[in-house]
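Keep in mind that what you see is a predicted model, and the values were worked out from it rather than measured.
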Amino acid sequence: MAKVELSGLSYLLGGLGKPGKSTGAIRCYRDIVEWAVLYDLITNLSIQWGGDTILVRDGLLRTKSFKREVFPLLDKKIREGIQRHSQRNVQLSIVGVAKQSAVLGRLAMAFELEATFHKPFPCYIQVPEDIEQDCYNFERTWFDTYESSEPDEQGHYLYQAMGKMFLVKFGDRPLDAVWPVDIAEWQVSQADKILGQLTIDAQQGFPIPDYPMCIQRAHGHAKLTGIEIQVFQDMLLQGICERLTPEQSERLLRLKYLGQSLASLRYKEA
């Protein structure tokens with residue numbers, strides 16, 4: 001696999017540090033980091049999973065963050081990593097779970113009128129590709145995977161997805177929430193097994209009921225609270241003060257505590 005520098009992963013990263021474009025660039029960078037974690041969990045030779053495992057991504061198994069010529073390289077290495085684990089009789093499965101989707105938004109009324117998910121048990125449907133395409137205005141690279149794409153004139157595959165979409169109700173009540181779920185293209189035949197195991201985790205979900213508990217726990221670990229926020233605030237102020245005069249810096253530091261109830265802060269931390 002050819003080495004690719006960070007700046008070569010995405011066109012969007014060029015907006016870092018530029019007024020009006022930094023927000024989108026940071027969002028792109030965060031998405032790339034999340035994919036990097038998934039990549040490392042699968043391809044890192046020092047990580048040996050002891051048994052069959054489902055790796056759950058917070059978001060669908062497709063992205064616009066990577067260049068079209070870069071994502072196939074990532075896809076290839078992930079497939080190789082999963083194949084290496086299967087040689088040890090360890091089955092790794094990849095799914096992506098989202099909270100919303102244009103497909104679900106467009107079809108919600110039809111599902112309700114037809115009572116598609118009004119079942120007293122968990123259920124799912126696979127979204128036909130033609131229906132999914134009608135719900136988006138993106139290029140086919142958002143839907144195409146290695147299996148469904150065709151090489152260009154140079155023989156290169158250009159795509160930005162590795163999953164096929166399912167709409168899943170993990171709960172056992174007729175009106176429980178329905179979630180968009182991507183399953184890796186080459187593992188779609190195992191959808192019953194994968195979604196069945198994921199249902200066990202989702203039914204323990206809290207505070208969001210019938211939503212994968214593993215994702216909710218990950219959010220809890222990633223959330224910045226207390227001392228972490230204080231550290232970041234101090235770093236931000238320090239960076240700002242470096243360009244100010246001593247008098248201006250003192251005023252800014254005073255502003256930090258303006259309007260803050262020190263008494264309530266003291267008893268909150270006690």
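- No chain of hydrophobic side-chain contacts below 4.5 Å, direct or via other Ile, Leu, Val, Met, Phe, Trp or Tyr residues, connects Ile125 to Leu195.
- A distance-only check finds no donor-acceptor pair linking the side chain of Glu147 to the backbone of Trp186 [under 3.5 Å].
- Minimum interatomic distance between Asp144 and Tyr159 (heavy atoms only, all atoms of both residues): O-CB, 3.4 Å.
- The shortest distance between side-chain heavy atoms of Val97 and Pro180 does not fall below 4.5 Å.
- For Ala25 against Leu13, the heavy-atom pair with the smallest separation is O-CD2, 3.9 Å.
- Side-chain N or O atoms of Asp40 include none that pairs as donor or acceptor with a backbone N or O of Asn44 at under 3.5 Å.
- Summarising the local packing, CD of Gln100 is surrounded by 12 or fewer heavy atoms from other residues, nucleotides or ligands at distances under 6.0 Å.
- Inter-residue side-chain proximity for Gln203 and Thr199 is flagged as met; some heavy-atom pair is nearer than 4.5 Å.
- The aromatic rings of Phe66 and Trp35 sit perpendicular, their planes meeting at an angle over 60°, well past the 30° parallel limit.
- Annotation: Gln154, atom CD; neighbour count of heavy atoms from other residues, nucleotides and ligands within 6.0 Å is above 12.
- In summary, Lys193 and Asp52 engage in a salt bridge, as defined by a charged side-chain N under 4.0 Å from a carboxylate O.
- A salt bridge between Glu129 and Lys164 is present, with a side-chain N of the basic residue lying under 4.0 Å from a carboxylate O of the acidic one.
- Judged purely by atom type and a 3.5 angstrom limit, Arg57 uses its side chain to pair as donor or acceptor with the backbone of Leu60.
- Considering only heavy atoms from C-beta on, Glu185 stays 4.5 Å or farther from Tyr146 through its side chain.
- A salt bridge is absent between Arg84 and Glu80: the closest approach of a Lys/Arg side-chain nitrogen to an acidic carboxylate oxygen does not fall below 4.0 angstrom.
- For the residue pair Pro72 and Tyr157, the shortest heavy atom distance occurs at CG-O, 3.1 Å.
- Looking at Ser10, its side chain never comes within 3.5 Å of a backbone N or O of Gly8 through a donor-acceptor pair.
- Taking the six-membered ring where the residue is Trp, the centroids of Phe111 and Phe117 are separated by under 6.0 Å.
- Ion pairing between a basic and an acidic side chain is recognised when a charged N comes within 4.0 Å of a carboxylate O; Glu132 and Arg62 show such pairing.
- A donor-acceptor pair is defined here as one N or O able to donate and one able to accept, closer than 3.5 Å; such a pair exists between the side chain of Gln187 and the backbone of Leu92.
- When Lys64, Arg68, Lys67 are each tested for a side chain to side chain donor-acceptor pair (under 3.5 Å) with Gln160, only one passes: Lys64.
- Note on Asp75 versus Arg79: salt bridge recorded, some NZ/NE/NH1/NH2 to OD/OE distance being below 4.0 Å.
- With Trp179 contributing its side chain and Phe170 its backbone, the two residues share no donor-acceptor pair below 3.5 Å.
- Listed for the Lys169 side chain is a donor-acceptor partner under 3.5 Å among the backbone atoms of Gly171.
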